[in-house]
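Beneath this line is the structure, given in structure tokens, with notes to follow.
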Amino acid sequence: MDQVVPYANVVAGVLVLVVGFLFHWIGQLISVLNWDLAARIGLQEATLLPEYRVSDTANAKADVALGWVYGLAGLGMVLGAPWGYKLAWIPGVVLVYHGISYWFWTGNRRQAGHKLVGDSMRIGWTVANLAAGALAILVAWNAC
């Protein structure tokens, strides 16, 4: 298979493993199992309003239900396995979605007067998700 850039599959796989599996899946798993611990270690906002906690809890459960696939896809891309490229579509699309939705989600909270994350966190998390997702999609597309 021709690569877009040399070792793009390894870079995409590592990004999916770190951003998708480690940050999303492991982080959200901790949130589902023990919300107070997640807030204490900074995975969730300690001062979260109850109306936001309802949607954040639902998002955490959805991430846990789907995010284990990120680990398989990331590992498959790092190994250069054909099944890894097929699975890469899932974290690719979801991480792009996460990047876009996080930007608007935090913007809506700011408009409501609840600035829970700083500008650098908002930009960094959006870019990390968009970059990991877009590269995973590009690698998967190129593998077709």
Side-chain angles (χ1 to χ4, degrees), residues 4-5 7-144:
V4 178
V5 294
Y7 303 106
N9 63 308
V10 175
V11 174
V14 169
L15 281 173
V16 167
L17 284 170
V18 172
V19 176
F21 187 72
L22 179 65
F23 291 160
H24 278 288
W25 194 74
I26 299 294
Q28 294 292 44
L29 182 62
I30 293 168
S31 299
V32 168
L33 296 175
N34 189 336
W35 190 271
D36 294 330
L37 172 63
R40 275 196 312 274
I41 62 176
L43 298 175
Q44 300 294 344
E45 293 90 0
T47 59
L48 192 65
L49 298 173
E51 56 268 27
Y52 292 139
R53 181 154 177 192
V54 171
S55 68
D56 283 11
T57 302
N59 287 338
K61 289 176 181 177
D63 280 346
V64 168
L66 182 63
W68 62 272
V69 175
Y70 304 171
L72 292 177
L75 181 63
M77 283 191 291
V78 168
L79 295 175
W83 54 265
Y85 299 117
K86 291 175 183 167
L87 284 177
W89 286 100
I90 296 168
V93 171
V94 175
L95 290 172
V96 168
Y97 164 79
H98 271 295
I100 295 167
S101 65
Y102 183 77
W103 184 262
F104 288 106
W105 172 69
T106 54
N108 289 340
R109 283 184 172 189
R110 287 170 181 227
Q111 286 179 345
H114 306 287
K115 185 178 177 182
L116 298 174
V117 296
D119 291 336
S120 60
M121 173 65 174
R122 183 177 187 217
I123 293 166
W125 190 238
T126 298
V127 169
N129 279 272
L130 287 173
L135 187 57
I137 290 170
L138 185 63
V139 167
W141 183 277
N142 194 49
C144 291

| field | Spatial distance of atom CG (Leu15) from atom CG (Leu95) [nearest 0.5 Å] | value | 9.5 Å
| query | Which atoms form the tightest heavy-atom contact between Val94 and Tyr70, and what is the distance? | reply | CG1-OH, 2.8 Å
| task | Enter the distance from Tyr52:OH to Asn59:CG here, rounded to the nearest 0.5 Å. | result | 13.5 Å
| Parallel, tilted or perpendicular: ring planes of Phe23 versus Trp125, cut at 30 and 60 degrees | tilted
| said: Tell me whether Trp83 at atom CH2 has more than 12 heavy atoms from other residues, nucleotides or ligands lying less than 6.0 Å away. | reply: yes
| remark: Nearest heavy-atom approach of Ala88 to Met77 is CB-SD, 3.5 Å
| task | State the OG1-CD distance between Thr106 and Gln111, to the nearest 0.5 angstrom. | result | 10.5 Å
| note | Between Leu48 and Arg53, the two heavy atoms sitting closest are CD2-CA, 3.6 Å
| query | Can you name the residues that form a salt bridge (Lys or Arg N to Asp or Glu O under 4.0 Å) with Asp63, not counting sequence neighbours? | reply | none
| request: Work out which heavy atom in Ala140 is nearest to a heavy atom in Tyr85; give both atom names and the distance. | output: CB-O, 3.4 Å
| Parallel, tilted or perpendicular: rings of Tyr102 and Trp105 (30°, 60°) | tilted
| task | For residues Arg109 and Arg122, determine if any side-chain heavy atom of one lies less than 4.5 Å from a side-chain heavy atom of the other. | result | no
| Tell me, do Leu66 and His24 make a side-chain contact under 4.5 Å, heavy atoms counted? | no
| query | Just by modelled atom types, is the Val32 backbone N or O under 3.5 Å from a matching donor or acceptor in the Trp35 side chain? | reply | no
| message | Looking at every non-hydrogen atom in both residues, tell me the closest pair between Ser31 and Gln44 and how far apart they are. | response | OG-NE2, 2.9 Å
| query | So do Val96 and Ile100 actually touch side chain to side chain, heavy atoms under 4.5 Å? | reply | yes
| task | Please round to the nearest 0.5 Å and tell me the distance separating atom CG of Leu72 and atom CG of Leu17. | result | 9.5 Å
| request: Quick one: closest heavy-atom pair of Asn9 and Gly80, and the distance? | output: ND2-CA, 3.8 Å
| message | Going by the rule salt bridge (Lys or Arg N to Asp or Glu O under 4.0 Å), which residues pair with Arg40 if we only count those two or more places apart in sequence or in a different chain? | response | none
